[in-house]
Structure formats: C-alpha cells, structure tokens
Amino acid sequence: MKTVYDVQQLLKRFGTIIYIGNRIAELEMMEDEVRELYQTGCIETADYQTAVYVLKKEAARLRENGRSQTNE
C-alpha cells in the first residue's frame, strides 16, 4: 500500500466507499474506517499502520498546500 487509492481499494474489499466532497474529511473518515477494521481483527497490524501513515501523509500535504495557497 503506497497511495490513497490503495487504501481505498482495501476499504472497498470490505464494502466501504467514502465520498464526502471534502478531501481532508474523506481522509479522516477513511482513517476511522481502517482503525475499526483493525480493531475488529479484519486487517493485519502492518496493513493498518501503512494505511494510517499514507492517509496522514496525504492529509498533511493537503493542509500544507492549502496554507501556502492562502499566503500568496
């Protein structure tokens, strides 16, 4: 798992598709869903850790880009 798309495909295997229209909110909801899958034993620790890392990294990137665009 290297991209948000990969995380989406993981969630899709469990019947979860998330679309809100706000990308950061979607990433946060995906993280919640991944956490729930992990806590219920549906996914392995490594998949959980990787998915959360990918989602947090993308959310941070979007927040940083938003911040730099408003400062221009």
Side-chain angles (χ1 to χ4, degrees):
M1 224 177 314
K2 296 180 181 179
T3 66
V4 173
Y5 178 78
D6 295 335
V7 177
Q8 288 173 317
Q9 293 308 301
L10 171 71
L11 292 172
K12 191 174 171 184
R13 287 194 342 233
F14 294 95
T16 302
I17 297 172
I18 297 172
Y19 178 76
I20 299 173
N22 176 317
R23 188 63 169 164
I24 292 176
E26 289 171 359
L27 295 169
E28 292 169 351
M29 186 170 277
M30 282 188 251
E31 186 178 338
D32 290 342
E33 290 296 322
V34 167
R35 184 175 295 108
E36 190 171 322
L37 288 172
Y38 174 67
Q39 290 173 343
T40 57
C42 294
I43 61 174
E44 300 290 326
T45 303
D47 288 334
Y48 167 70
Q49 291 173 335
T50 303
V52 168
Y53 171 76
V54 167
L55 295 170
K56 285 185 181 292
K57 183 177 168 186
E58 179 66 9
R61 185 188 70 77
L62 290 173
R63 286 184 181 105
E64 182 60 35
N65 284 345
R67 203 172 309 136
S68 66
Q69 289 174 1
T70 57
N71 293 337
E72 293 177 358

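If you read the sequence from its start, that first residue is 1, and numbering goes on from there. The shown structure was predicted, so the numbers you read here are calculated from the model rather than taken from an experiment.
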Asker: Could you grab the distance from atom CG of Leu37 to atom CG of Asp32, nearest 0.5 Å is fine?
Answerer: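 The CG atom of Asp32 is 11.0 Å from CG of Leu37, to the nearest 0.5 Å.
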Asker: So does Met29 have more than 12 non-hydrogen atoms from other groups sitting under 6.0 Å from CE?
Answerer: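 Result for CE/Met29: open.
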Asker: Under a 4.0 Å threshold between the charged nitrogen and the carboxylate oxygen, would Glu64 count as salt-bridged to Arg61?
Answerer: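 Between Glu64 and Arg61 there is no salt bridge, as every charged N stays at least 4.0 Å from the carboxylate O atoms.
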Asker: Quick one: list whatever passes side chain to side chain donor-acceptor pair (under 3.5 Å) with Thr45, sequence neighbours left out.
Answerer: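 Side chain to side chain donor-acceptor pair (under 3.5 Å) list for Thr45, sorted by chain: Tyr38.
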Asker: Considering only heavy atoms from C-beta outward, does the side chain of Glu31 approach that of Arg35 to under 4.5 Å?
Answerer: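 A side-chain contact exists here, since the closest heavy-atom pair is under 4.5 Å.
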Asker: Taking atom types as modelled and ignoring hydrogens, do the side chains of Asp47 and Thr50 form a donor-acceptor contact shorter than 3.5 angstrom?
Answerer: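 The answer is no; no qualifying pair exists.
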Asker: Write down the atom of Ala51, the atom of Val34, and the distance for their closest heavy-atom approach.
Answerer: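 Distance-wise, the nearest heavy atoms are CB-CG1, 3.8 Å.
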Asker: Would you mind writing out the side-chain donor-acceptor pairs for residues 10-18 within the sub-3.5 Å range, not counting sequence neighbours?
Answerer:
none

Asker: Any side-chain heavy atom of Val4 within less than 4.5 Å of one from Met30?
Answerer: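 Yes - at least one pair of side-chain heavy atoms lies under 4.5 Å apart.
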Asker: Might you confirm whether atom CD of Glu36 has over 12 heavy atoms from other residues, nucleotides or ligands at distances under 6.0 Å?
Answerer: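 Open: at most 12 neighbouring heavy atoms sit under 6.0 Å from CD of Glu36.
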Asker: Minimum heavy-atom separation for Val54 and Met1, please, with both atom names.
Answerer: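 Taking Val54 first and Met1 second, the nearest heavy atoms are CG2-O, 4.2 Å.
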Asker: Calculate, to the nearest 0.5 Å, the distance between atoms CD and CD belonging to Glu33 and Gln8 respectively.
Answerer: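 If I round to the nearest 0.5 Å, the distance is 13.0 Å.
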